[in-house]
Amino acid sequence: MMNCFPCFTSQKSSIPPSGNETSENNEQEVRPPPVAAVKHIEERETEQPPVKTFNFRELATATKNFRQECLLGEGGSGRVYKGTLQSTGQLVAVKQLDKHGLHGTKEFQAEVLSLSKLEHPNLVKLIGYCADGDQRLLVFEYVSGGSLPDHLFEQEPGQKPIDWLTRMKIAFGAAQGLDYLHDKVNPPVIYRDLKAANILLDDEFYPKLCDYGLNNLAPGAGDSMFHSSCVMDTYGYSAPEYTRGEDLTVKSDVYSFGVVLLELITGRRAVDTTKPNDEQNLVAWAQPIFRDPKRYPDMADPLLKKNFSERGINQAVAITSMCLQEEPTARPLISDVMVALSFLSMSTEDGIPDAVPILSFRDKSMSIALSRHGSCSVTPFSLLQKEGDEDSSSVSSESEDDEKKEESKGSKKKQKEDSDDESGSDDEKGQEEVEKPGSSKSSSSDSGSERASPIDESNATAQSLEIKYSYSSEEEEEEEDNERLSSSKSDKDCTSFRYDSERNHDDSPKNTSIAHDDHSDDDDDEDHETRLEDIHSSKSEAHSVYSDDDDDDAGEESGESSLNRAEPEEGDHGSSDEE
Ligand SMILES: Nc1ncnc2c1ncn2[C@@H]1O[C@H](COP(=O)(O)OP(=O)(O)OP(=O)(O)O)[C@@H](O)[C@H]1O
């Protein structure tokens, strides 16, 4: 990994005293200023990282003088030691940053301030820092279970391999962490160094991303909060645009996430020089298989001994293949990946959700890809909302409505053309479906077409393709289901996912909302935010970095921070790029 703090730029002299200057009571938490004060720039200039400051001696004591036996490992940015804070007994991981590329105390603290605001259950928490003399250390929560490669590739004899569901849960958790950085932080943060080694696991295999936000700092990165082309030297995980010398975006992270997903599915390393030449690069090895869905189950890690559902692996591989698209704009949003993985990580015997969920992805291509790989058990419900339907209006902004009206017209026209040519086989139709993701054919060519609502001619504001996981036992309930889908809010069998198609960074994570239809108070934002977690018994509870109280200042804040913030690319959100 590259040096963490090579190019920190601080635009204001707003830096609090250094760690050694506050060393009288170093482990006392340095409290952030009152929220009201954050709104005023002058007062913000006194803002301090809401984390502890330590002096060097304390951390030396915690790590037994940085003894070898406490060394957890060494990365590109320095060494990481396991330590115990004397005052509290808390286990910590102390990252001692390399001294080259050292930054001034103020710059370092400003960076810590940015990092300290990133808080999510799937991110390793920053506890404090030390800027004592020329020492620069970061103190993180200690994650006890080791890193993902420890469990996936470096198994001790007799150690049980990670089962399929756990792998999907790890992927889901990692996606949640990444989604937080991309979608809940304003402006978005590009991870830049996502790899299996940066996914740490607790004793229950709950994943936490580490090293986030660190190598967003690079020479020149501070100048642009939009894109950055600073070095990401994570061989095997780097997106093609990096090799092409292009800027990295959130979609570059999605690519790296795809590589991790592929590792989870196959049990193969991103790069493995012990394998035959044509198998050394995992993505290159997988590409021909991506084009041959029949071979998807063969990709599975042999250690899994085929203990997974065919639907599960087909969909997991389909998601992976989308993440690994050559062109960044063709890759899905991590939020869509996260929703898809939430289903694959459900705790049922065969990985099939108990309930009958309806997915609504922000990007149609995800719906379509999954519908092709669901062993005929996933039926797209296209354009379900009826005019005047409240749900419909809540899904998109007015401008998107206009776009969709046009799109809907196109779809209808296409549907008419398609209906004139119904002679092809199901497979052929499925193929065509993918080639024309905007086509309404996706709702009629699937094997479950009889379940799909026909496109309502009056539905000019229809927003999204929705996927319905359906089962043969429910075939007869078609009519009932359709009724439920369109209007009922009391059906206990039906769980619907709604994604706001409009990204709103000023909000807390409202973008992800999952509504149980039996839920009575669907206006409760807080409630919405936690439904995903409710469903999956996840520990996760996403928090926005910027609360309502400091929304006003977000822009200024980003200006001070050298975290590499990114804005989404044009066309990254909402409907598919292919349309
Ligand atoms: N919070 C933590 N809790 C437990 N172990 C950690 C923690 N942070 C890092 N480690 C471990 O410390 C070692 C070094 O981590 P570090 O992030 O510095 O290097 P890396 O990820 O291996 O490489 P690079 O930083 O170059 O990407 C790794 O084995 C990692 O698993």
Side-chain angles (χ1 to χ4, degrees), residues 1-6 51-52 54 59 62-64 66-85 90-101 111-112 115-116 118-130 135-156 170 173-174 177-178 190-218 230-238 242 248 252-253 256-257 259-260 263 269-271 564:
M1 193 183 76
M2 50 174 285
N3 191 349
C4 285
F5 300 101
V51 291
K52 294 174 186 173
F54 296 91
L59 297 183
T63 58
K64 300 181 182 165
F66 299 95
R67 211 181 281 175
Q68 187 69 18
E69 69 184 58
C70 296
L71 185 67
L72 289 169
E74 185 168 5
S77 53
R79 295 180 174 182
V80 181
Y81 295 87
K82 181 177 176 180
T84 308
L85 298 178
Q90 183 183 6
L91 283 177
V92 289
V94 180
K95 188 160 201 155
Q96 187 172 33
L97 299 171
D98 277 347
K99 288 182 186 162
H100 68 262
E111 182 54 30
V112 170
L115 279 181
S116 66
L118 301 175
E119 206 177 339
H120 185 275
N122 293 107
L123 299 184
V124 173
K125 187 174 165 48
L126 179 70
I127 291 171
Y129 70 100
C130 166
Q135 293 286 346
R136 301 285 179 269
L137 301 102
L138 294 169
V139 182
F140 292 97
E141 68 169 308
Y142 176 72
V143 185
S144 51
S147 67
L148 181 54
D150 297 339
H151 297 271
L152 207 51
F153 313 123
E154 293 151 25
Q155 292 195 314
E156 305 287 326
I170 291 169
L178 199 54
I190 303 175
Y191 192 120
R192 306 182 54 80
D193 193 22
L194 184 59
K195 57 181 178 178
N198 280 342
I199 299 177
L200 305 182
L201 302 170
D202 75 4
D203 292 334
E204 291 162 4
F205 292 101
Y206 187 78
K208 286 173 181 274
L209 307 179
C210 68
D211 277 0
Y212 56 88
L214 295 184
N215 42 344
N216 290 320
L217 305 172
C230 66
V231 181
M232 182 174 78
D233 57 359
T234 311
Y235 186 47
Y237 295 88
S238 308
Y242 169 67
L248 297 179
S252 315
D253 283 347
S256 304
F257 184 85
V259 181
V260 173
E263 289 181 302
R269 290 177 187 275
V271 174
N564 188 39

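Atoms within each ligand, like the ligands themselves, are counted from 1 in listed order.
Those atoms of ligand 1 that come under 4.0 Å of a heavy atom in K195, given as number and element, are 23 (O), 24 (P), 27 (O). Below 4.0 Å from some heavy atom of N198 lie the following atoms of ligand 1, by number and element: 21 (O). Using a 4.0 Å cut-off to heavy atoms of G75, the atoms of ligand 1 that qualify are 18 (O), 19 (O), 23 (O), 24 (P), 25 (O), 26 (O). The atoms of ligand 1 that sit less than 4.0 Å from any heavy atom of K95 are 16 (P), 17 (O), 18 (O). Taking a cut-off of under 4.0 Å to the non-hydrogen atoms of V124, the atoms of ligand 1 that pass are 1 (N). Those atoms of ligand 1 that come under 4.0 Å of a heavy atom in A93, given as number and element, are 1 (N), 2 (C), 3 (N), 7 (C). Ligand-side atoms of ligand 1 in range of Y142: 3 (N), 4 (C), range being under 4.0 angstrom from any heavy atom. Heavy-atom contacts of D193 reach the following atoms of ligand 1: 27 (O) (cutoff under 4.0 Å).
In terms of polar-atom proximity, D211 is counted as a contact of ligand 1, with an N or O under 3.5 Å from an N or O of the ligand. Backbone and side-chain nitrogen or oxygen atoms of E141 are examined, and one is located within less than 3.5 angstrom of a nitrogen or oxygen of ligand 1. Residue F140 has no nitrogen or oxygen atom sitting less than 3.5 Å from a nitrogen or oxygen atom of ligand 1, judged on distance alone.
When heavy-atom distances to ligand 1 are checked against a 4.0 Å cut-off, L72 comes that close through both its backbone and its side chain.
Side-chain N or O atoms of N198 include one that pairs as donor or acceptor with a backbone N or O of D193 at under 3.5 Å. Remark: side-chain polar atoms of E263 are paired, donor with acceptor, to backbone N or O of A270 under 3.5 angstrom. A donor-acceptor pair under 3.5 Å is absent between the side-chain atoms of T63 and the main chain of G83, judged by distance alone. Panel note: side chain Y212, backbone V124; a donor-acceptor pair is recorded below 3.5 Å.
No heavy atom of K208 sits closer than 4.0 Å to any atom of ligand 1. Heavy atoms of K82 stay at 4.0 angstrom or farther from ligand 1.
For the residues V94, V143, L200, the heavy atom positioned nearest atom 7 (C) of ligand 1 is part of L200.
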Hey, can you pull the donor-acceptor pairs under 3.5 Å for the side chains in residues 137-147, sequence neighbours left out?
{"from": "E141", "atom 1": "OE2", "to": "K125", "atom 2": "N", "distance (Å)": "2.8"}
{"from": "E141", "atom 1": "OE2", "to": "K208", "atom 2": "NZ", "distance (Å)": "3.4"}
{"from": "S144", "atom 1": "OG", "to": "D203", "atom 2": "OD1", "distance (Å)": "3.1"}
{"from": "S144", "atom 1": "OG", "to": "D203", "atom 2": "OD2", "distance (Å)": "3.3"}
{"from": "S147", "atom 1": "OG", "to": "D150", "atom 2": "OD2", "distance (Å)": "3.4"}

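No side-chain heavy atom of F54 sits under 4.5 Å from any side-chain heavy atom of V94. Taking 4.5 Å as the limit, some side-chain heavy atom of F205 sits within range of a side-chain heavy atom of H151.
Atom CG of L200 and atom CG of L123 lie 11.0 Å apart (nearest 0.5 Å).
By the 4.0 Å N-to-carboxylate-O rule, K195 lies too far from D211 to be salt-bridged with it.
The 12-atom threshold is exceeded at CD of E69, counting heavy atoms of other residues, nucleotides or ligands nearer than 6.0 Å.
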